[in-house]
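Every chain is numbered from 1 and lettered A, B, ... according to where its sequence line falls, protein lines coming before strand lines.
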Amino acid sequence: MSKEQALSDKKIQAIRGMNDLLPDQSPYWQYFEAQVQTLMQRYGYAEVRMPIVEQTALFARSIGEVTDIVEKEMYTFDDRNGDSLTLRPEGTASCVRAAMQHGLLHNQTQRLWYQGPMFRHERPQKGRYRQFHQVGVETFGLEGPDIDAELILLSARLWKQLGLLEHVTLELNSLGSLEARAAYRDTLVAYFEQHLDLLDEDSRRRLTSNPLRILDSKNPDMAAMLDAAPQLMDHLDAESREHFEALTATLDAAGIGYVINPRLVRGLDYYSRTVFEWTTSALGSQGTVCAGGRYDGLVEQLGGKPTPAVGFAMGIERLILLLETLDLVPDEATPSLDLYLLGMDAAASREALLLGETLREALPALRVQVHCGGGSFKSQIKKADKSGARLALLLGENELAEGSVTVKFLRDEREQCSLPRDGLAAALSELLNVA
RNA sequence: GUGGAUGUAGCUCAGUGGUAGAGCCCCGGAUUGUGGCUCCGGUGGUCGUGGGUUCGAUCCCCAUCAUCCACCCCA
């Protein structure tokens, strides 16, 4: 079978690892996004929105040429003029680019956030998709540990709001300054080279690409050797140590629990000093729900003035999965109808449609659905019930003749009643307690 | 990229080498203008796709695509 034939015969479906968000799920997302938006406003962070596509070089230069993300996970293609473009695999690089390009970093500090889709060509799995969504938070121009602490407090407040705080763990580490990190890296590589025979295949590969990540290995055969490896914490420069100690002291004072994980190494090259991760054990192997750190060198690396920066990103799919798993989405997050209007015949149906408009005009908070598509009276009432509405408003010949509506209580044991259409809004407002 | 499991109705799943079933959903009826419960009836499937073996394949074999789980990676 030719490729063309295969394409034409095949049902068209979504790209692997890229999901549709359907009506039963969208309320969860709206709930989460609303929580995030108000939280950011409460901390004085401003939203930015960047394009989904950037020049490939932006990611290669920021994330690191030899990381897995850049080497084999990016959606990269040529634009019609031959430029190499890439669907963003993460948001920080774009955000830095945007902030630099528009002078947001010129002698000022910034607290920014964004959200949107990211793209990585990985094998899909629970909590890991090729198009996934992140909320990113980035701050610029602030070098002290106070802003590191603020970001962690902000994220902790979000977990608290969502009811997740007791289900996630904060892991902390410091990578030291870029210089200290580079020196430690050399020490570590030297150590591993002495124990080459103990390294598994993956780790040998990482010896040249990202030796720090070997520390993170799950291979039990390597555990003893890794335990004996030189510790990052012992190789911190004095300033980084001070920075880290100030951060933990602030977290202690704020009552935020954490675990210092000397093996916590973020995968992206641009991190230095503080790195942290919020993890959960409730999601299987993709347990990192939020992660970030300091990247003081990145702005300069991308051609800007040296600018301290810290940020983090949350994985929205993972957080929503967690909220679902733990049944933490409140019922109010799924909005239900107040009224379902229906008419017995064509004339009454048209009247119902118009009455719906009148009521929405008078009571903006009212949630009203008008039956469309005809059908028997009985089937229309069934639909009213299924809609979840609290009341059904029935219109028929009698109601049209006397200018009334029949109000049927769908959720209460209460006799239906007749109300005049004059002043109906006021009567319903009282009945439903809706403004 | 590697390993394993699974693809049958819109959904959740039975099933057999002789071209298919249940429950839920949906539609209609029992109830001339009244939902939820009950009863009766009905719509709906190229058994993921392509090929092979066979008189005959949804079932056996191969390939492919998709989903899930783990590795890897990471949010």
Side-chain angles (χ1 to χ4, degrees), chain A residues 1-3 5-19 22 24 63 67-73 89-92 115-137 155 200-203 205-206 209-210 213 216-219 265-268 277-280 283-292 311-322 340 342-345 348 375-389 391-400 406-413 415-416:
Chain A
M1 186 162 73
S2 74
K3 204 163 189 177
Q5 216 177 349
L7 275 174
S8 66
D9 284 359
K10 208 164 150 190
K11 290 175 240 170
I12 294 182
Q13 45 185 336
I15 303 302
R16 178 170 205 194
M18 305 202 182
N19 299 310
L22 300 176
D24 59 331
I63 296 169
T67 56
D68 279 15
I69 292 180
V70 171
E71 273 186 337
K72 47 195 188 197
E73 294 178 359
E90 58 113 32
T92 301
Q115 72 169 311
M118 309 293 165
F119 302 85
R120 290 182 203 170
H121 192 102
E122 298 180 275
R123 185 88 160 242
Q125 200 181 317
K126 183 178 186 179
R128 185 172 82 181
Y129 310 100
R130 289 186 174 177
Q131 175 178 330
F132 62 103
H133 298 77
Q134 288 185 332
V135 171
V137 184
S155 55
D200 60 22
E201 197 184 330
D202 280 326
S203 299
R205 179 173 53 78
R206 284 183 289 210
S209 60
N210 196 344
R213 279 211 60 91
D216 233 356
S217 173
K218 291 175 192 166
N219 187 340
V265 179
R266 314 270 32 267
L268 284 54
E277 260 182 37
W278 289 95
T279 59
T280 175
L283 291 183
S285 68
Q286 306 299 326
T288 302
V289 115
C290 171
F312 68 80
M314 304 181 260
I316 303 183
E317 279 85 355
R318 289 181 186 179
L319 283 164
I320 286 180
L321 215 48
L322 193 55
Y340 194 95
L342 57 91
M344 286 189 55
D345 52 28
S376 69
F377 187 48
K378 185 193 176 81
S379 72
Q380 291 191 43
I381 289 182
K382 274 190 179 181
K383 293 259 171 61
D385 181 43
K386 288 246 159 73
S387 78
L391 303 183
L393 297 194
L394 317 182
L395 289 170
E397 276 179 45
N398 300 342
E399 287 80 358
L400 285 196
T406 297
V407 179
K408 186 174 171 65
F409 298 86
L410 297 170
R411 311 291 150 214
D412 309 295
E413 292 295 328
E415 204 63 15
Q416 68 183 36

Undergrad: Would you state whether a donor and an acceptor, one from the side chain of Arg128(A) and one from the base of rC73(B), lie under 3.5 Å apart?
TA: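 Donor-acceptor pair under 3.5 Å: yes.
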Undergrad: Going by side-chain contact (heavy atoms from CB on, under 4.5 Å), name the residues that satisfy it together with Leu22(A), two or more places apart in sequence or in a different chain.
TA: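 If we apply the side-chain contact (heavy atoms from CB on, under 4.5 Å) test to Leu22(A), skipping adjacent residues, the hits are Asp20(A), Asp24(A).
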Undergrad: State whether the distance check finds a donor on one side and an acceptor on the other, under 3.5 Å, for side chain Arg123(A) versus base rG3(B).
TA: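 A donor-acceptor contact between them is present.
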Undergrad: Please work out if Lys126(A) contacts a base, only the sugar-phosphate, or nothing of the nucleic acid, heavy-atom cut-off 4.0 Å.
TA: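 Sugar-phosphate, backbone atoms only, no base.
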Undergrad: How far, in whole Å, is rG7(B) from rG41(B) if one measures between their P atoms?
TA: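 Between the two P atoms, the distance is 31 Å.
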Undergrad: Consider the side chain of Arg120(A), meaning its heavy atoms from C-beta on, and name the nucleotide among rG36(B), rC71(B), rA75(B) that approaches it most closely.
TA: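 From the listed options, rA75(B) comes nearest.
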Undergrad: Return the nearest nucleotide to the side chain of Glu397(A); candidates are rA75(B), rG33(B), rG35(B).
TA: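 My answer, after comparing the listed nucleotides, is rG33(B).
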Undergrad: The side chain of Gln125(A) lies closest to which of these nucleotides: rC68(B), rA70(B), rG35(B)?
TA: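 In terms of side-chain proximity for Gln125(A), the closest of rC68(B), rA70(B), rG35(B) is rA70(B).
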Undergrad: Give the nucleotide from the list rG35(B), rC69(B), rG33(B) with an atom nearest to the side chain of Leu410(A).
TA: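 Of the candidates, rG35(B) comes closest.
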Undergrad: Once you apply a heavy-atom cut-off of 4.0 Å, does Gly17(A) come out as touching a base, just sugar-phosphate, or nothing?
TA: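 If one applies the 4.0 Å heavy-atom cut-off, Gly17(A) turns out to touch the sugar-phosphate alone, with no base involved.
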Undergrad: From C-beta outward on Met344(A), which listed nucleotide comes closest to its side chain: rG33(B), rC74(B), rG1(B)?
TA: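 Nucleotide nearest to Met344(A)'s side chain: rG33(B).
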Undergrad: Sticking with atom C1', work out how far rA20(B) lies from rC61(B), rounded to a whole angstrom.
TA: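 Straight-line distance between the two C1' atoms is 23 Å.
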Undergrad: With a 4.0 Å cutoff (strictly under), does any side-chain N or O of Arg213(A) reach OP1 or OP2 of rC72(B)?
TA: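 For rC72(B), OP1/OP2 do not have a side-chain N/O of Arg213(A) under 4.0 Å.
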Undergrad: Please state whether the phosphate of rU67(B), meaning OP1 or OP2, lies under 4.0 angstrom from any side-chain nitrogen or oxygen of Arg16(A).
TA: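 It does, given that an N or O in the side chain of Arg16(A) lies less than 4.0 Å from OP1 or OP2 of rU67(B).
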Undergrad: Checking only heavy atoms, does the side chain of Lys408(A) share a donor-acceptor pair with the base of rG35(B) at less than 3.5 Å?
TA: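 Donor-acceptor pair under 3.5 Å: yes.
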Undergrad: Less than 3.5 Å between a donor and an acceptor, one on the side chain of Glu399(A) and one on the base of rG33(B), is that the case here?
TA: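 Yes.
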Undergrad: Counting only heavy atoms not in Glu397(A), do more than 12 sit closer than 6.0 Å to its CD atom?
TA: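 Atom CD in Glu397(A) is not crowded, with 12 or fewer foreign heavy atoms closer than 6.0 Å.
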Undergrad: Between Thr288(A) and rA75(B), does any side-chain N or O lie under 4.0 Å from OP1 or OP2?
TA: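 So the side chain of Thr288(A) is outside the cut-off, no N or O lying under 4.0 Å from OP1 or OP2 of rA75(B).
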Undergrad: From the set rU34(B), rG35(B), rA75(B), return the single nucleotide nearest to any side-chain atom of Gln416(A).
TA: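 Nearest to the side chain of Gln416(A) among the choices is rU34(B).
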Undergrad: Using a 4.0 Å heavy-atom cut-off across all strands, classify Gly136(A) as base, sugar-phosphate, or nothing.
TA: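 Since no nucleic acid heavy atom lies under 4.0 Å of Gly136(A), the category is nothing.
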Undergrad: Students often get this wrong, so: under 4.0 angstrom with heavy atoms, is Tyr340(A) touching a base, only sugar-phosphate, or nothing?
TA: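 No contact.
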Undergrad: Kindly compute the distance separating CZ (Arg128(A)) from CD (Glu122(A)), expressed to the nearest 0.5 Å.
TA: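 Here the interatomic distance stands at 4.5 Å.
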Undergrad: Within the structure shown, what part of the strands sits under 4.0 Å from Gln286(A) by heavy-atom distance: base, sugar-phosphate, or nothing?
TA: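 Answer is base: heavy atoms of Gln286(A) come under 4.0 Å of a base.
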Undergrad: Does Gln380(A) use its side chain to pair, donor to acceptor, with the backbone of Gly375(A) at less than 3.5 Å?
TA: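 Yes; judged by distance alone, with no hydrogens or angles, the pair exists.
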Undergrad: Just checking Leu394(A): base, sugar-phosphate only, or nothing, at a heavy-atom cut-off of under 4.0 Å?
TA: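 Contact class for Leu394(A): base.
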